[in-house]
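Both backbone and side-chain heavy atoms feed into the values below; hydrogens, waters and symmetry mates do not. Proteins come first, then strands; the chains are lettered A, B, ... in the order of their sequence lines, and each starts at number 1.
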Amino acid sequence: MTTTDPDEPTPPINPPIIPPVSPPNAPPMAPPVAPAVAPAAAEGGGGPRALARQRRRASAARFWVRYRAHRSGLLGLAALALLALIALTAPLTIGSDVQSVTDAPGRPMESPSLEFPLGTDQFGRSLLGLVVWGSRVSLLVGLLAAVLSVAIGALIGITAGHFRGWFATVMMRITDWFLVMPTLVLAIVLATVLSRSLGTIILAIGVTTWPTTARLVRAQTLAVESRPYIERAKALGGGHWHVMSRHVLPNVMPLVLAQTTLIISSAILSEATLAFLGLGDPTVVSWGGLLQDAREAGAVSAGKWWYLVPPGIAIAVVALAFTLCGRAVEAVLNPRLGVTR
Amino acid sequence: MTAEATPSLVGKTGDPAGAGPPGARGPRGSWGPRGRRTAYPRYVAGKLGGAAVSLLAVLVTSFFLFRLIPGDPVKFMTGGRQVSAEQLAAYREEFGLDLPLWEQFTDYCGKALTGDLGTSYQFRTPVVDKISDALPNTLLLTGTSFVLYTAIGVFLGTRAAWRNGGLGDRLNTGLALTLYSIPSFWLGLLLIIVFSVGAGPIPGLFPTGGMESGGEEGFAYVLDVAHHLVLPVVTLVAVEYGQTLLVTRSALLDEMGSDYLTTARAKGLRDDLVRRRHAVPNALLPTMTLVFINLGRTVAGVILVETVFSWPGLGGLFYQALSVPDLPLVQGLFFVFAAAVIVMNTLADLIYPLLDPRVGR
């Protein structure tokens with residue numbers, strides 16, 4: 001594959017994003033033409049809703065077939081599944097008493113051994129247990145922050161694209177303003193200003209990273225709203241809410257999905273960064289927090305590399321896995337981006 | 001931190017260039033000297049006006065944002081010592097904290113416009129002095145790494161795209177993505193352990209932190225600073241070059257199918273020349289925008305690297321100021337970081353149309 005175009009002349013940018021989702025939305029909101037649609041829908045198996053469901057399933061299957069072609073995307077997905085399993089089963093395999101400082105099983109700062117495969121921290125706690133336990137917080141914060149960020153971005157993007165005029169202008173000015181703010185600095189400032197808790201970290205990351213999503217979603221909204229079937233929906237009496245939730249939202253969803261996957265990886269990095277700077281919740285174990293503990297305990301000057309290596313590798317693996325998935329999703333949705341498999 | 005920016009950047013810069021191919025060729029006359037002479041100054045004025053508005057907005061925000069910090073700033077200043085009520089009142093008066101909020105605000109704005117960002121709580125010196133002391137150190141660190149990672153990113157990015165799908169491409173892209181997912185502070189700490197503290201057979205080759213050993217003069221001083229510069233620069237370059245690589249790569253991939261490349265090959269040009277003279281200059285246009293945005297962002301992005309390596313720059317100062325918290329200093333630094341991004345974005349906007357006449361008239 002030397003170029004992206006000649007190999008695949010048929011699917012240009014639009015089809016993967018728009019058509020699979022849009023047609024099923026037309027029938028349910030059109031009572032006057034219902035008789036004309038009903039027979040076709042009946043063939044699909046009982047009413048327009050069933051038809052819609054069937055088409056959605058078909059487009060999901062198509063998506064999966066294309067996604068499967070990206071080997072790095074599959075690798076990322078497999079890594080994520082494994083990590084999710086480890087994080088979810090941590091209470092069974094490790095137990096929450098790994099966090100306990102008072103009755104730690106080992107001596108402080110032990111090197112890796114059979115009993116403690118990754119060594120112990122300055123309190124004598126098993127590092128393997130802490131790293132596994134920390135995955136819960138790091139993944140949770142990463143996911144929630146990304147969801148918050150993308151939700152804000154999608155909301156602002158869709159409304160700014162739907163309502164033109166002064167509202168859109170104000171919204172886009174605000175977006176531009178957030179876009180020039182140095183994200184990390186703003187997040188650090190917010191985390192300092194608010195109290196120390198996981199909620200604060202999620203808020204600080206979510207509130208600072210949404211502008212790119214807002215821009216992308218707005219562009220897509222504008223493209224969708226210029227299509228004839230939107231005009232038709234409006235002519236049939238569809239209000240703002242109807243157009244935004246039934247027509248625009250399903251069409252920007254794929255984009256939002258790709259964006260979420262990419263933002264999760266940067267959110268996990270940001271969480272680690274904030275925790276490393278001592279702005280995280282001191283009562284929970286997270287990968288960034290472990291690195292901060294290691295630095296404060298003097299692991300760096302003592303050359304105890306085995307204390308530092310595992311949390312960092314964990315962060316890098318998760319961030320990389322989400323990035324690989326995000327790039328694969330993006331490549332499926334927009335083959336021209338030139339992401340190879 | 002900017003992973004999400006990669007795809008959108010390509011889209012954004014690609015759009016204006018490709019927006020009007022049908023009409024773009026028709027009114028070619030309007031690109032003539034006359035059309036540009038009248039259009040460009042207006043464009044510049046618009047961009048400069050926008051930048052000025054953004055700077056003012058940042059100034060206002062940085063004032064109110066830090067007033068949200070709960071608690072009495074005077075308490076932070078005295079650091080928990082027992083102080084009499086008179087002393088507290090004196091502190092308040094010294095820093096103008098006894099005035100109503102809106103008066104503090106007008107005072108702050110008036111002073112800021114004349115280049116006075118207030119007095120630091122912890123150092124008792126003007127914030128501007130602290131910043132101008134630290135700025136050259138940060139510029140040295142960011143400038144060196146910026147040049148290196150841009151050069152490496154563009155070089156490897158063009159190689160990867162030209163041999164798209166090959167083993168070299170996959171290795172390059174994979175490595176770039178991996179390094180891009182690594183937290184910079186972690187890489188910095190590891191480098192310190194391996195090359196400064198010394199791990200196993202490797203002796204401590206580089207200093208653990210700081211910028212100079214002290215007592216050196218002349219050429220020895222330059223060498224000493226360079227010696228201290230190695231590890232921080234390696235850290236920054238490693239985590240930053242990936243983005244430049246990916247953007248260069250996808251920009252070049254966009255150009256690969258173009259007819260003018262086929263023409264160039266048909267003329268009998270060597271593959272190497274087709275790449276160097278025809279494809280790369282065009283592909284560099286979108287990369288240019290990223291380069292400027294990166295330059296602005298790196299200034300803020302060094303916070304972690306400077307903290308890890310105790311580099312006496314703006315980032316280290318920001319970290320110190322936050323832990324107090326030293327409001328005027330944090331405010332001032334926040335302004336500088338945001339201003340760096342705004343100035344660089346504006347520069348990119350101004351230079352881009354000069355390089356690519358299709359955009360921004």
Side-chain angles (χ1 to χ4, degrees), chain A residues 1-6 72 176-177 180-185 188-189 192-193 195 209 212-213 215-216 219 258-259 262-263 265-266 269-270 272-273 276-278 288 291 294-295 300-305 308-309 311-312 315-317 319-320 323-324 326-327 330 334 336-341, chain B residues 1-5 7-8 10-12 54 57-58 65-66 68-70 161 164-165 169-170 173-174 177-178 180-183 185-187 189-190 192-194 197-199 208 249-250 253-254 256-257 296-297 299-301 303-304 307 318-319 322-323 325 330 334 337-338 340-342 345:
Chain A
M1 214 167 118
T2 36
T3 57
T4 36
D5 289 337
S72 56
D176 286 347
W177 180 85
V180 298
M181 282 293 153
T183 319
L184 178 63
V185 178
I188 291 177
V189 166
T192 317
V193 168
S195 61
T209 51
T212 9
T213 317
R215 282 216 150 177
L216 288 172
Q259 193 64 11
L262 287 175
I263 288 189
S265 78
S266 66
L269 281 174
S270 307
T273 305
F276 176 72
L277 289 175
L291 288 175
R295 187 172 180 237
V300 178
S301 44
K304 298 195 188 303
W305 55 270
L308 284 158
V309 170
I315 296 170
V317 166
L320 183 62
T323 306
L324 290 180
R327 279 169 62 89
E330 209 170 36
N334 188 354
R336 276 182 61 90
L337 270 182
V339 184
T340 47
R341 29 203 80 164
Chain B
M1 186 112 317
T2 31
E4 74 277 11
S8 57
V10 180
K12 234 187 294 167
S54 300
V58 169
L65 193 58
F66 298 106
L68 290 174
I69 294 185
N164 175 25
D169 175 29
R170 269 179 288 156
T173 318
L177 279 174
T178 310
Y180 189 61
S181 311
I182 286 179
F185 55 90
W186 179 66
L187 185 61
L189 292 177
L190 282 192
I192 291 181
I193 289 191
V194 176
V197 178
T208 48
R249 179 175 173 276
S250 50
L253 279 180
D254 271 354
M256 295 274 283
R297 284 195 186 278
V299 175
I303 295 178
L304 287 160
T307 306
F318 185 69
Y319 184 64
L322 265 180
S323 48
V330 178
F334 183 73
F337 289 141
V341 179
I342 294 174
N345 284 3

Is any side-chain heavy atom of A/Ile188 less than 4.5 Å from a side-chain heavy atom of B/Tyr319? no

Heavy atoms of A/Thr323 and B/Ser181 approach each other most closely as OG1-OG, 4.3 Å

Could you have a look at A/Ala319, A/Gly312, A/Gly278 and say which one has the most heavy-atom pairs with chain B under 4.5 angstrom? A/Gly312

Distance check, rounded to the nearest 0.5 Å: A/Asp176 atom CG versus B/Ser54 atom OG? 7.5 Å

Can you name the residues that form a side chain to side chain contact (heavy atoms under 4.5 Å, CB included) with A/Ala316, not counting sequence neighbours? B/Ile182

For B/Leu190, enumerate each residue passing the side chain to side chain contact (heavy atoms under 4.5 Å, CB included) test, keeping only those at least two apart in sequence or located in another chain. A/Leu308, A/Val309, B/Trp186

side-chain contact (heavy atoms from CB on, under 4.5 Å) for A/Val189 and B/Phe318? Distances and angles first, verdict last. CA-CA 10 Å; A/Val189 166; B/Phe318 185 69; 4.0 Å; yes

Let's go through B/Leu189 and A/Phe276 carefully: what are the C-alpha distance in whole Å and the side-chain angles of both, what is the deciding distance for side-chain contact (heavy atoms from CB on, under 4.5 Å) to 0.1 Å, and is it a yes or a no? CA-CA 12 Å; B/Leu189 292 177; A/Phe276 176 72; 3.9 Å; yes

Atom CG in A/Leu320, atom CG in B/Leu177: separation rounded to 0.5 Å? 6.5 Å

Under the side-chain contact (heavy atoms from CB on, under 4.5 Å) criterion, do A/Leu277 and B/Phe185 qualify, and how do the steps go? CA-CA 10 Å; A/Leu277 289 175; B/Phe185 55 90; over 6 Å; no

Stepwise side-chain contact (heavy atoms from CB on, under 4.5 Å) test for A/Arg295 and B/Thr307: CA-CA 12 Å; A/Arg295 187 172 180 237; B/Thr307 306; 4.2 Å; yes

